[in-house]
Amino acid sequence: MESDLSDLFPAPFPDNVPTIELPKISLNKLLNEDPGELEKIFKICTRTGFFYLNMMDHPKGKKMYEDACLCCRIGMETLPNLPMEEKNKYPIRDRHGVFDRGFRCRYLRDDGQPKYSEFVNIPQTELFAKEPVDFKLPPWLEAHEETFKSAMRSANVVANIVLGALERALQLPSGTLTSLHRLNDPSSDFLRVLRYPGVVPGQTMDQMGFPAHKDAVSVAILFTWLGGLQIPEPGLEVTEENWRWVKPMPGYAILNLGDAMEIFTNGVLKSGLHRVIKAPGEQAPFDKYSVLLVARPADPTPMTAFSSPLIPALTEEQKQAPVLTSDRWASKAIRSLQDPAKAREMASMKQ
Ligand SMILES: O=C(O)CCC(=O)C(=O)O
Ligand SMILES: [Fe+2]
């Protein structure tokens, strides 16, 4: 890689923790519609729904990786340095539960730092609206609007390449999935910068950064530089000893499918369960940052399965369930994640 990334990788990932070898996909091959690569994505998405995407083998990928590094540095310069009071002035959306806009930190330590994590969401819909909208980024992010937009444009291209590959593999008419994920259509897509404060020497701290969950999205594209992200070993019960580290790799994004894809395919494609804990080994004292970009179906999309020879028909019971639009579904899904009973269920489910 040409640019200096040493500020993003302050300490090495340890080699004595159990990691999972995620498959690697080439962005270059995807953009060239390489049949083998498209087939590979489909297989992965019917299993764990998680893979590494090589951003360095295509100029578009390099640009996106550079933008993600810039977004991370914006987080490094602002989040630890601004008072909570200032950050909290950037409000979350009224529509309860959909964290696609605003700053959020739920729990604080005695020293005023976030206990687990803090994150700031940049909404795609407002930044790309065709008509003028009543929205402004807060003063501390205003100067970075173009960087956020550039990363979001790239993320939309990458997400649609993956969705295009999946719709073909599922024998769905062209555009079935991609037409639901246009850059300018109202949706709850966002760019999120997360900060997980490092462990302070001598202080005991809760290990958890972000409890076990699946994303209420179609596709999630994650850039992260320190360890912390974990997924369960496929096929095993989700118990404490079966969680595996996902090692961040320079030049790669980590992609996963979310719940929307399980719904559209009636379970053929899998939404990946994951969690974030404190960075391992020598990385633990450093603040961990992530840059997450997600694609969700456009707001009015009915959240139900498509028909295809490869998608099982809905059962009678499934047919009785009310079909929500994407915006209401996302709001409900995220609200339920905050329900302790749901959280317990997630922490002990079989992947
Ligand atoms: O920071 C990470 O590694 C993942 C964050 C995440 O899972 C989320 O925001 O949904
Ligand atoms: Fe997540």
Side-chain angles (χ1 to χ4, degrees), residues 8-9 13 19-20 22 48-53 68-69 71-72 74-76 79 92 97-107 114-124 151 155 159 188-198 207-232 238 243-249 252-262 270-280 283-284 286-296 330-331 333-338 342-343 346-347 349 351:
L8 304 177
F9 291 101
F13 187 88
T19 56
I20 186 151
L22 293 181
T48 60
F50 261 97
F51 57 91
Y52 289 116
L53 184 62
C69 292
C71 292
C72 179
I74 294 166
M76 289 170 140
L79 293 173
I92 58 171
V98 182
F99 299 135
D100 61 344
R101 175 166 130 177
F103 171 81
R104 188 155 163 105
C105 176
R106 282 186 88 187
Y107 304 101
K115 191 167 180 195
Y116 309 107
S117 68
E118 58 182 336
F119 54 80
V120 61
N121 298 309
I122 321 293
Q124 179 175 302
S188 338
D189 292 10
F190 61 81
L191 180 158
R192 172 176 294 168
V193 183
L194 300 108
R195 170 178 175 245
Y196 304 85
Q207 256 300 89
M208 198 50 70
F210 206 128
H213 67 283
K214 295 180 175 189
D215 295 333
V217 306
S218 303
V219 180
I221 306 173
L222 178 75
F223 296 87
T224 195
W225 295 266
L226 295 186
L229 177 67
Q230 294 191 320
I231 67 174
V238 183
W243 285 95
R244 303 285 177 263
W245 298 87
V246 179
K247 181 180 173 178
M249 308 257 287
Y252 285 82
I254 299 164
L255 266 74
N256 69 277
L257 292 194
D259 295 345
M261 301 305 289
E262 257 184 38
K270 300 287 184 283
S271 174
L273 184 67
H274 55 285
R275 69 176 191 180
V276 183
I277 64 168
K278 297 280 181 224
Q283 297 188 335
F286 296 97
D287 287 2
K288 169 183 161 64
Y289 289 85
S290 299
V291 175
L292 175 71
L293 294 116
V294 307
R296 283 182 164 138
S331 173
I334 290 162
R335 212 166 32 225
S336 83
L337 265 184
Q338 292 173 58
K342 177 81 181 169
M346 280 282 176
M349 72 194 306
Q351 171 74 321

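Order of listing sets the numbers, starting from 1, for every ligand and every atom in it. Residue numbers count from 1 along this sequence.
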Report each N/O pair between ligand 1 and the protein that falls under 3.5 Å, naming both atoms.
residue, atom, partner, partner atom, Å
ligand 1, 1 (O), Y196, OH, 2.6
ligand 1, 1 (O), S290, OG, 2.7
ligand 1, 3 (O), S290, OG, 3.4
ligand 1, 7 (O), H213, NE2, 3.2
ligand 1, 7 (O), H274, NE2, 3.1
ligand 1, 9 (O), R192, NH1, 3.0
ligand 1, 10 (O), H213, NE2, 3.1
ligand 1, 10 (O), D215, OD1, 3.2

### Query
Closer than 2.8 Å to the Fe ion (ligand 2), which protein N, O or S atoms?
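Less than 2.8 Å away from the Fe ion (ligand 2) sit H213 NE2, D215 OD1, H274 NE2.
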
So, do [X] and [Y] sit near enough that their side-chain heavy atoms are less than 4.5 Å apart?
| X | Y | value |
| --- | --- | --- |
| H274 | H213 | yes |
| Y289 | I74 | no |
| N121 | L191 | no |

### Task
Go through F190 and F99 one step at a time and tell me if the ring-ring contact (aromatic ring centres under 6.0 Å, His included) criterion holds.
CA-CA 8 Å; F190 61 81; F99 299 135; 9.0 Å; no

### K270 NZ: over 12 foreign heavy atoms closer than 6.0 Å
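Enclosed.
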
### Task
For the pair F210 and F119, name the ring-plane relationship: parallel under 30°, tilted 30 to 60°, perpendicular over 60°.
parallel

Just by modelled atom types, is the [Y] backbone N or O under 3.5 Å from a matching donor or acceptor in the [X] side chain?
| X | Y | answer |
| --- | --- | --- |
| T224 | S290 | no |
| R101 | P123 | no |
| K214 | D259 | no |

